[in-house]
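Heads up, the thing below is written out as structure tokens.
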Amino acid sequence: MPLQHPADVTLANPVIPGFHPDPSVCRVGDDYYLACSSFEYFPGVPLFHSRDLVHWTQIGNALDRPSQLRLPVGVPSSGGIYAPTLRHHDGRFWLIVTNVSEGGGNLLVTATDPAGPWSDPLPLPDVPGIDPDLAWDEDGNCWCTFAGVGQVRLDPRTGETHGPQRRLWSGGPGAKAPEAPHLYRIGDHWYLLIAEGGTERGHGVSIARGDGPTGPFEPCPANPILTHRGTDHPVQNTGHADLVQAPDGSWWMALLGVRPGGGTPGWHVLGRETFLAPVTWVDGWPVVGEVTLRLPAPPWPLAPVRGEAPRDDFDLSELRPSWISLRDRPAEHCTTKERAGWLTLRARGDSMDEPDVVLVGRRQQHLSCRARALVDPAEGRGGLVVRLDERHHYEIEASGTTARVIARVGTLRTLVAEQPVPAGPLVLGIEIGEPPTPHDSRTGPDVVSLGVEESDGTFTTLATLDGRYLSTEVAGGFTGRVIGMYAAEGTVHFDWFAYEPQVP
């Protein structure tokens, strides 16, 4: 008998909050694994594990070595690593992904343990486009389907393709951006699931089926099977989905969505997040349940996981897998081994405006949160930043006996505030929360306060800034906010960093 949780037991959705887009999920026995896009950040392709589909722990990154991931300094923000597909076949994990930077292209890596190590990438020069998918038929043939939607037969061990590329079904007539294809054998049919409408407010999911992996494909009469376009639903931009079957036989959909806030037109600041929705089957077609912010508990035992500690004291020789940097992370610019128990950052770019600035950050995962760090700027200049890209960021930095707040919005760069501080290590802080009332149609999604924490724990705000300017609707692109530590001159040491969600 399936386990029955009390009716009032609900779980947070998104199941992986913050900038974790383009989820691809697979099940191996009683375990689930999920991969996401990472764009211009290193290491690339975060990997998660779950025992119940709703509680996830990051176990590593598929592309965590310089030999696996080349992101030159000229790679723009929202460039880099796009949309992986993660599958398990013949005793191995297979991950296919696109590096859209110059000299990149589609790549394939494999592992026996999804926590790593993963192989060096196998280039796939004859697989075009983005969003590649892998599916194996009963004869052992591997089919690679890609945005557009096209398909080619692939030897995943050599990277060679066989036979002609073919065009498949590409969604609703006139719908833009047919992408994110995933191909499955379910029952008597092969199903082709795609995203369409673009990854903005028009995003949606459609599906077709055929007798074989190459089609021809018959579209579902109820397409799109999921979209929130034209609604006031709190979750928008729903799409780029993947299907997975649970041990009880039920089906589920992992997908991306955003949570816009504020007035008109609504600004999302955390990026595209990973949501979960139930799926039922009617007349051989999937019917997607509501994408809610509170998810009813599934009918099997829950497996909660211990979340990451809110404070990192940098006592380990390697950084946690959730820490990310811009484009690369050379040891000579970032180390925990120079000063025991401290993270040492040695500057390269001279401000957060520069693509090669030395940054160690983490994704903002909560609409209200607080970040703090104990910084020793005696040998340089650096501090804490909330970043969307090189042209959209707020930071508080220290050098010598001065702390200052800087705001970059588009072409404007402003010194917002400056204040003397005592020499020596000091605690810098960033608090993000609800905008002050009253609200109207022009109210932004949140406010970002930057300041200095006194020795008694009092937070002295140097500036409070409108959060809408660090949103995708203003900046464009495909990423979300990252909060972290940076060095812009000389050497800056960080004793600890703490990130805590705040209850509004």
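- Residues Ser67 and Pro121 approach most closely at O-CD, 3.9 Å, considering heavy atoms.
- Among residues at least two apart or in separate chains, salt bridge (Lys or Arg N to Asp or Glu O under 4.0 Å) pairs with a member in residues 16-39 are Asp22-Arg272, Asp31-Arg51.
- Put simply, the side chain of Asp126 never gets that close to the backbone of Thr161: no donor and acceptor are under 3.5 Å apart.
- Looking at heavy atoms from C-beta onward, Phe494 lies out of side-chain contact with Asp312 at the 4.5 angstrom threshold.
- Listed by chain and number, the residues in a ring-ring contact (aromatic ring centres under 6.0 Å, His included) with Trp94 are Trp136 (sequence neighbours excluded).
- With contacts defined as side-chain heavy-atom distances shorter than 4.5 Å, the pair Leu134/Cys142 qualifies.
- Judged purely by distance below 3.5 Å, without hydrogens or angles, the side chains of Ser24 and Asp242 pair a donor atom with an acceptor atom.
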Given side-chain contact (heavy atoms from CB on, under 4.5 Å), test Asp133 with Asp131 step by step and report yes or no.
-> CA-CA 7 Å; Asp133 174 69; Asp131 298 1; over 6 Å; no
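- Residues Arg362 and Ser322 have side chains that never bring a donor and an acceptor to within less than 3.5 angstrom of each other.
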Quick one: do Leu359 and Met485 satisfy side-chain contact (heavy atoms from CB on, under 4.5 Å)? Show the steps, please.
-> CA-CA 6 Å; Leu359 167 77; Met485 303 156 283; 6.0 Å; no
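- The ring-ring contact (aromatic ring centres under 6.0 Å, His included) search around Phe146 returns none, not counting sequence neighbours.
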Could you give me the CA-CA distance, side-chain angles and deciding distance for Arg370 and Glu500, then say whether salt bridge (charged side-chain N to carboxylate O under 4.0 Å, His left out) is met?
-> CA-CA 5 Å; Arg370 178 176 68 159; Glu500 301 164 286; 2.8 Å; yes
Quick one: do Leu53 and Val244 satisfy side-chain contact (heavy atoms from CB on, under 4.5 Å)? Show the steps, please.
-> CA-CA 9 Å; Leu53 262 184; Val244 65; 4.0 Å; yes
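- With values rounded to the nearest 0.5 angstrom, Leu107 atom CG is found 8.5 Å from Ile96 atom CD1.
- Crowding of Arg70 atom CZ: a count of heavy atoms from other residues, nucleotides or ligands under 6.0 Å not exceeding 12.
- The residues Arg92 and Asp113 are annotated as not salt-bridged, no charged nitrogen and carboxylate oxygen being separated by less than 4.0 angstrom.
- Side chains of Ile430 and Arg372 form no contact here, defined as non-hydrogen atoms less than 4.5 Å apart.
- The main-chain N or O of Gly105 is never found under 3.5 Å from a side-chain atom of Thr98 such that the two would form a donor-acceptor pair.
- Side chains of Asp137 and Trp143: a donor on one and an acceptor on the other come within 3.5 Å.
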Mind listing the side-chain donor-acceptor pairs of residues 277-289 below 3.5 Å, one per line with the distance, residues two or more places apart or on another chain?
none

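- Separation of the Phe48 and His20 ring centroids falls under the 6.0 Å cut-off.
- When ring centroids are compared, Trp323 and Phe42 stay outside the 6.0 Å threshold.
- No side-chain donor-acceptor contact under 3.5 Å links Asn106 to the backbone of Pro123.
- Looking at Asp313 and Arg311, a side-chain N of the basic residue comes within less than 4.0 Å of a carboxylate O on the acidic one, giving a salt bridge.
- A side-chain donor from one of Gln58 and Asn61 sits under 3.5 Å from a side-chain acceptor of the other.
- Among the candidates Arg363, Glu308, His366, the single residue satisfying the side-chain hydrogen bond (donor to acceptor under 3.5 Å, both in side chains) test with Tyr499 is His366.
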When you look at Asp211 and His189, which way does the side-chain contact (heavy atoms from CB on, under 4.5 Å) test go after all the steps?
-> CA-CA 5 Å; Asp211 293 332; His189 296 287; 4.1 Å; yes
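- In this structure the side chain of Val152 never reaches within 4.5 angstrom of the side chain of His162, judged on heavy atoms.
- Nearest heavy-atom pair across Trp169 and Val149 is O-CB, 3.7 Å.
- With a 4.5 Å cut-off on side-chain heavy atoms, Leu293 and Phe275 count as touching.
- Here salt bridge (Lys or Arg N to Asp or Glu O under 4.0 Å) pairs that include residues 142-157, with residues two or more places apart or in two chains, are Asp90-Arg157.
- The shortest non-hydrogen separation linking Pro260 to Pro234 is CD-O, 3.6 Å.
- There is a side-chain donor-acceptor pair under 3.5 Å between Gln236 and Thr231.
- The local environment of CD in Glu218 is crowded, with over 12 non-hydrogen atoms from other residues, nucleotides or ligands closer than 6.0 Å.
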List the steps, then state whether salt bridge (charged side-chain N to carboxylate O under 4.0 Å, His left out) holds for Glu273 with Arg259.
-> CA-CA 8 Å; Glu273 307 175 274; Arg259 292 181 282 170; 2.8 Å; yes
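- In this structure, the side chain of Gln68 engages the main chain of Trp118 through a donor-acceptor pair within 3.5 Å.
- Contact detail for Ala111 and Pro117: the closest heavy-atom pair is CB-O, 3.6 Å.
- Evaluation of the ring-ring contact (aromatic ring centres under 6.0 Å, His included) rule for Tyr41 yields Phe19 as partners, not counting sequence neighbours.
- Looking at every heavy atom in both residues, Pro445 comes nearest to Val269 through CG-CG1, 3.9 Å.
- Using the six-membered ring where Trp is involved, Tyr184 and His182 have ring planes that are tilted, between 30° and 60° apart.
- Nearest approach of Asp389 to Ala475, heavy atoms of both residues: OD2-CB, 3.9 Å.
- Considering only heavy atoms from C-beta on, Leu193 comes within 4.5 Å of Val205 through its side chain.
- For the pair Trp56/Tyr32, a side-chain contact is recorded, criterion being any heavy-atom separation below 4.5 Å from C-beta on.
- The shortest distance between side-chain heavy atoms of Thr227 and His203 does not fall below 4.5 Å.
- Gln151 places a side-chain N or O within 3.5 Å of a backbone atom of Pro213 that can act as its donor or acceptor partner.
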